[in-house]
Amino acid sequence: MSELPGSDTGDLVGHDPRAQQALDGAAVMLRPVVRWLLRHGVHYGALTQMLKQVFLAEARSELQRKGTKVTDSALSVLSGVHRKDVRALSSQTLPTAPLVPTPASVLFTRWVTDTRYRDPQTRKVVTCLPRHGDVPSFEALARETSSDVHPRTLLEELQRLGVVTVEGEQVCLSTERFVSRPEDESAAQTLAVNASDHIAAAVHNLAAGQQGFKFLEQSVYANGLSEDSGLKLAAVARDLWAPAFDGMVAAATECVRSDNAREDTPYRMRFGVYYYHEPVPPKGSPGKPDGSSRPG
């Protein structure tokens, strides 16, 4: 960990080893986030200003969870943000990303999982649907997906994303997976909510204790691999995801339908997987300067 001029980094988190462990872990998690920010022209100063808002928002939630009165002083003490900044930032809203999928992604998911849109003999997804008409048709699928967005608008969005093509009077799938284009705002929002929920599950588990409920949060690790093996395992991961995706969509759909008559339904959920591979950095001290940069 790099040190601030004239300071002891240990003082930043006191003498609690758990605090230092948490800070070290945050540094590991933040590296890909900072990589993303740098590639989009976001500098350190902008991030630190945003972090003040994040610390205050979470400090407020923590005080409320404990039943402690929320005051500027209490927020400042818990978060470490100066009181003048607490007051200045109190009227600012922390940015959020939509937690629910877009109508286009919901339509795609329903198309590839709903049994009405599968061949009754092979059970495979019907990749081309009549543009108009009753079930199974694209128009019927679109109207089931959203009552607020016109089927033509959904079709145009799916075409823009490269997910479907129109062939005469039929709408045909052109991909097996719904993935937003990197330049679309929805891609950044998807990254944000997926990564946030993944980290939230892990953070919850660390605080749950031995007997508390824990979320699924597991992974498989291997090294000593060739690039070919990395690509092979990436394909294996996608194949494993397909039945898990179908099974969870079916189970979640059934739960939503059965809960429709209930009033105590404040919960949401997200289930996902990821796969990542990269060359292992040369032996040394990860994160330390390599000598290629010089003071300006």
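Small disclaimer: the values here were computed from a predicted structure and weren't measured. Because only heavy atoms are used, hydrogens play no part in the values below, and waters and symmetry mates are left out as well, while side chains stay in.
- Residue D85 holds its CG atom at 8.0 Å from CG of L56, rounded to the nearest 0.5 Å.
- Ion pair R116/E144 flagged as a salt bridge, since at least one NZ, NE, NH1 or NH2 atom sits closer than 4.0 Å to an Asp/Glu carboxylate oxygen.
- The environment of CD in E278 is crowded: more than 12 heavy-atom neighbours from other residues, nucleotides or ligands sit within 6.0 Å.
- Q20 and D16 share no side-chain donor-acceptor pair at under 3.5 Å.
- Side-chain N or O atoms of S79 include one that pairs as donor or acceptor with a backbone N or O of L75 at under 3.5 Å.
- Side-chain N or O atoms of H150 include one that pairs as donor or acceptor with a backbone N or O of R152 at under 3.5 Å.
- Side-chain contact, S76 with S73: no donor N or O sits under 3.5 Å from an acceptor N or O.
- Counting heavy atoms from C-beta outward, P101 and F178 have side chains that stay 4.5 Å or more apart.
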Residue pair E227, K232: steps toward the salt bridge (charged side-chain N to carboxylate O under 4.0 Å, His left out) verdict | CA-CA 9 Å; E227 182 178 8; K232 177 181 178 179; over 6 Å; no
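- Remark: the backbone N or O of A57 is paired with a side-chain donor or acceptor of S61 at under 3.5 angstrom.
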Given the rule in the side chain to side chain contact (heavy atoms under 4.5 Å, CB included) test, do L225 and H277 qualify, once you have shown the distances and angles that lead to the verdict?
-> CA-CA 10 Å; L225 300 170; H277 69 248; over 6 Å; no
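- A salt bridge does not link E139 with R131: none of the charged nitrogens is closer than 4.0 Å to a carboxylate oxygen.
- Annotation: side chain of D197 is not in contact with side chain of F271 (no heavy-atom distance under 4.5 Å).
- Within the 4.5 Å cutoff, the side chain of K69 has no heavy atoms near those of the L63 side chain.
- Using a 4.0 Å cut-off between charged side-chain N and carboxylate O, D134 and R143 make no salt bridge.
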Using the side chain to side chain contact (heavy atoms under 4.5 Å, CB included) rule, take R123 and T115 through it: C-alpha gap first, then chi angles, then the decisive distance, then the call.
-> CA-CA 8 Å; R123 309 307 299 164; T115 56; 3.8 Å; yes
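- Counting heavy atoms from C-beta on, the side chains of D114 and Y117 come closer than 4.5 Å.
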Does the pair M269 and M248 meet the rule for a side chain to side chain contact (heavy atoms under 4.5 Å, CB included), with working shown?
-> CA-CA 11 Å; M269 59 77 69; M248 182 56 80; 3.8 Å; yes
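- Checking each of L155, L161, T153 against E157 for a side chain to side chain contact (heavy atoms under 4.5 Å, CB included) leaves exactly one that passes, namely L161.
- Between M50 and L94, some side-chain heavy-atom pair lies under the 4.5 Å cut-off.
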Apply side chain to side chain contact (heavy atoms under 4.5 Å, CB included) to V112 and F245, showing your working.
-> CA-CA 10 Å; V112 299; F245 173 84; 4.0 Å; yes
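- Between the side chain of K214 and the backbone N or O of G209, at least one donor-acceptor pair lies under 3.5 Å.
- Rounding to the nearest 0.5 Å gives a distance of 13.0 Å between CD of Q53 and CD of E58.
- H40 places no side-chain N or O within donor-acceptor distance of the main-chain N or O of V42, the cut-off being under 3.5 Å.
- In this structure, the side chains of V203 and I199 come closer than 4.5 Å at one or more pairs of heavy atoms.
- Residues that satisfy the ring-ring contact (aromatic ring centres under 6.0 Å, His included) test with Y276, not counting sequence neighbours, are absent from this structure.
- A salt bridge does not link D119 to K124: none of the charged nitrogens lies less than 4.0 Å from a carboxylate oxygen.
- Residue L191 holds its CG atom at 10.5 Å from OG of S196, rounded to the nearest 0.5 Å.
- In this structure, the ring of F138 has its center no less than 6.0 angstrom from the ring center of H132.
- With a 4.5 Å cut-off on side-chain heavy atoms, Y275 and V236 do not count as touching.
- Using a 4.5 Å heavy-atom cutoff, the side chains of Q159 and T165 are not in contact.
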Audit row: D246, R118, salt bridge (charged side-chain N to carboxylate O under 4.0 Å, His left out) steps and yes/no = CA-CA 13 Å; D246 290 345; R118 290 180 179 255; 3.6 Å; yes
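- Put simply, the side chain of W111 never gets that close to the backbone of L173: no donor and acceptor are under 3.5 Å apart.
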